[in-house]
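Atom set for the values below is all heavy atoms of this structure, side chains included, hydrogens, waters and symmetry mates excluded.
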Amino acid sequence: MKNYIEDITGFALEVNDNEDVVNDAINIRIGNGFTDDNAYKITVVPESITVEASDATAAFHSIKNIRKSLPIGYEQQSISMPCGEIYDYPRFGYRGLHVDVSRHFFPLDSIKEILDIMALHNLNKFHFHITDDQGWRVEIDKYPKLTEIGSMRSGTKIAKSDEFDTISHGGFYTKEELKDLVRYAESRHITIIPEVDLPGHTLAALAAYPEFGCTGGPYEVWKEWGVTEEIICPGNEKAMIFLEDVLEEVMEIFPSEYIHIGGDECPRTRWEQCPKCQKKIKELGLKDDDTHTAEDYLQSYVMKRMESFIENHGRKIIGWDEILEGELAPNATVMSWRGSSGGLKAAQMHHDVIMTPNDRLYFDYYQTLTPEIEPLSIGGYNPIKNVYEYEPVPEELTAKEAKYILGAQANLWTEYISDYSLLLFRILPRLSALSEVQWSLPEQKDYHNFVSRLCHLAELYDLYGWNYATFVFDIDAKMEPQFDEKRIAITMTKFGDGDIYYTTDGKTPTTQSMKYTGPVYIDQNCDFKAIILRENGSAGNLFHTNFDFSLSSMKPITLKTMPDKAYTFDGPNILVDGLRGGMNYKSGRWLGFFGETIDANIDLGEKTLISKLRFNCNINVGDWIYNAKNVKVLISDDSVNYREVVNKNFDILPLNQQAKILPVEVDFDAIEARYVNVIIEPFQLPEGHSGFGYPAWIFIDELAIY
Ligand code: TNX
């Protein structure tokens, strides 16, 4: 407390052990009959500040609250705080942050600073992902090669390409370092939960001990990202004992009640072919049934066996939601990452749940819809508002079932995070939004209020030199198509000082440009730019969008086949609303169709001379999203009899195609028509693609007719 106040204000307070409440002081008292866990009360009166806390942890949190309220700066003669009373307690007991140090290694000092940052935001569980395919990071005495060999990879895949660099990357923590880290965390009331990911995500271990894999290797610490089929061989008893030995030493280092044993992304291909695994399946009497394969049950066997080993040591397991496939280990806590459905199901089965849904709480995802202004990331779209508005308890749960939701956690995977400053940029300030999800009751949350408080918090980040993203202080623009008026209304909001200026001719706005005062209406093609200009001369990121009206804009449209549920957003109108999509296919500007031929009908309202169809395909070969195989345009005057005016085939894009937006134009002889029927056929995934044999996705943004 003393140090925190000194850091922020320059005032060095004296610390005394004193039974009585004294004036001109911050009085802290522990143990005063609170009913809520970790509750505290802060009372500020003109003479003093008094903190009453249910326990030491609550007292620690109360100090964080005061810390965040202090005015920042050393020049102050005195500090004043408004009088009042605060009663506070956390909504959830589990308030986590996960960091992956396997894909990229971060030194101990960086991890300590992450713990400091967690403490400032009143988080209490640090999920430490210390083993994976790309690097083993924890010293294990019984198996020294895990760190000698498994902690180093000889290169790394160059982002979104087929090439590898030849730079060795690695590192590990010694047992002593980790024990020191545990103490560091404890003094900040944080528990470190280690994860030994098994039986998949173990290639780094197999590189060190190839005898524990199904094929016997040789293996290499992985230079790629994704999911490998090289996993532990449960048919080999020695491999199972290896896992138990590792867990035993990990439990010696980390006193945490929970030990995370992964269980995610574990392909069964090797097990299906492996004589030892097949023998084990026979021995255990495992069989395929309607819902699962014998190999799925083999995975359940591994998880249950590790659970009972860990329980015999007085601890409990956590596993990723894949552990629901097959038979769930009896006392497992489930970490729901593929959305919230796994968490919902587990809670209904009366298992404890920690919510970490990727669409809301993955901090490796982009923070804006303009990836070009952000450092390269794995993908996704998870702006701070999306985090803030997340509700961890699914509404389908009864009050009794809801108790199984222990809390929420953000996950930070580091495939695309190789330096520490970028790591901070990804977690801050989204972590502050997460903190309010973890602490506050839904009815007390208010995004506007939150962002206004964030300005002060950002000053604290500056004080400590923590890098953070500032997108939240940029223009928040909403573009609403108004079909009746045949126009798009742009509403822009911002936080903090400064005014918004905009142009419609593509020029960069200055204070001489139009000042934004209310909605701007767009009903013709233009190049729209807006920016916040602040008194101190600083400007936020430019908001830039092109409006591209065509003969089909704002006209009635119907679809015979609907887009996939996850990518339907506002429905068919998206295809004629005059708004183009950006690189991110989850933005709401794209409709996504899975294996369906798109069959759209547009009513131009009257006979109109037309000669071209134009649309964009969002291409992401790795995510199974391809271009169109065939495009047809048919026309009609009565919406009954149609005739084809063009029919065009396209070649499939190559397997190594980079993600991009592909414009597609189909010209035909000018003709008059009222109704236009557009038919777009998808490809099947080609040979050599991981999804070979399945249909491809098609994502389109607008069906523009000229
Ligand atoms: C899925 S989340 C994974 C990780 C990746 C992450 C990237 C989970 C249990 N598995 O191995 O790093 O996606 O976002």
Side-chain angles (χ1 to χ4, degrees), residues 36-37 89-98 122-125 127 193 258 260 262-265 291-292 303 316-365 380-413 430-447 450 564-570 586 588 592:
D36 300 303
D37 284 348
Y89 65 94
R91 179 177 176 204
F92 295 105
Y94 188 110
R95 304 182 301 278
L97 173 70
H98 150 289
N122 292 341
L123 272 68
N124 66 350
K125 307 284 178 198
H127 172 171
I193 300 173
Y258 289 111
H260 201 306
D264 59 316
E265 298 180 324
T291 50
H292 296 102
M303 299 319 270
K316 296 183 186 169
I317 66 156
I318 305 178
W320 298 110
D321 58 36
E322 281 91 339
I323 65 173
L324 287 160
E325 293 157 12
E327 264 174 52
L328 186 53
N331 302 313
T333 296
V334 174
M335 207 168 246
S336 188
W337 74 274
R338 294 173 299 177
S340 298
S341 54
L344 171 66
K345 184 170 161 201
Q348 285 166 338
M349 291 164 71
H350 296 184
H351 277 257
D352 284 340
V353 170
I354 296 150
M355 285 295 199
T356 71
N358 50 357
D359 54 336
R360 294 289 195 150
L361 298 183
Y362 268 37
F363 284 1
D364 51 341
Y365 289 4
Y381 171 50
N382 189 18
I384 188 166
K385 193 172 185 200
N386 198 46
V387 177
Y388 189 83
E389 288 174 352
Y390 173 55
E391 166 51 40
V393 178
E395 53 188 23
E396 294 90 333
L397 293 181
T398 63
K400 204 173 147 229
E401 289 163 346
K403 297 237 165 9
Y404 291 99
I405 309 289
L406 302 184
Q409 169 179 294
N411 292 343
L412 188 71
W413 300 99
R430 285 188 285 198
L431 196 72
S432 62
L434 172 70
S435 167
E436 297 213 1
V437 169
Q438 295 165 331
W439 271 80
S440 306
L441 293 167
E443 58 273 23
Q444 283 170 341
K445 279 162 59 187
D446 173 348
Y447 182 68
F450 161 70
D564 186 83
K565 265 212 310 288
Y567 300 104
T568 298
F569 303 102
D570 293 335
K586 297 177 181 170

For [X], look at atom [atom1] and say whether over 12 heavy atoms of other residues, nucleotides or ligands are found less than 6.0 Å away.
X	atom1	result
Phe569	CZ	yes
Glu395	CD	no
Asp570	CG	no

How long is the straight-line distance from [atom2] of [Y] back to [atom1] of [X], given to the nearest 0.5 Å?
X	Y	atom1	atom2	result
Met355	Ile405	CE	CD1	4.0 Å
Tyr362	Asn382	OH	CG	11.0 Å
Leu431	Ile384	CG	CD1	9.5 Å

Which residues share a side-chain hydrogen bond (donor to acceptor under 3.5 Å, both in side chains) with Asp564, sequence neighbours left out: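 If we apply the side-chain hydrogen bond (donor to acceptor under 3.5 Å, both in side chains) test to Asp564, skipping adjacent residues, there are no hits.
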Side chain to side chain donor-acceptor pair (under 3.5 Å) partners of residues 347-358, not counting sequence neighbours, each pair once: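 The answer is Thr356-Asn411.
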Residue pair Ile323 / Gly263: nearest heavy atoms and the distance that separates them: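 Between these two residues, the closest heavy atoms are CG2-CA, 4.3 Å.
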Worked verdict on Tyr404 versus Leu397 for side-chain contact (heavy atoms from CB on, under 4.5 Å): CA-CA 10 Å; Tyr404 291 99; Leu397 293 181; over 6 Å; no
Step-by-step side-chain contact (heavy atoms from CB on, under 4.5 Å) determination, Arg338 to Trp320: CA-CA 9 Å; Arg338 294 173 299 177; Trp320 298 110; over 6 Å; no
Check: Tyr388/Glu436 side-chain N/O donor and acceptor closer than 3.5 Å: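 Glu436 and Tyr388 do have a side-chain donor-acceptor pair below 3.5 Å.
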Side-chain heavy atoms of Tyr94 within contact of Ile193, under 4.5 Å: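 The answer is yes; the side chains approach within 4.5 Å.
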Residues forming a salt bridge (Lys or Arg N to Asp or Glu O under 4.0 Å) with Arg91, sequence neighbours excluded: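 With neighbours one apart ignored, the set is Glu391.
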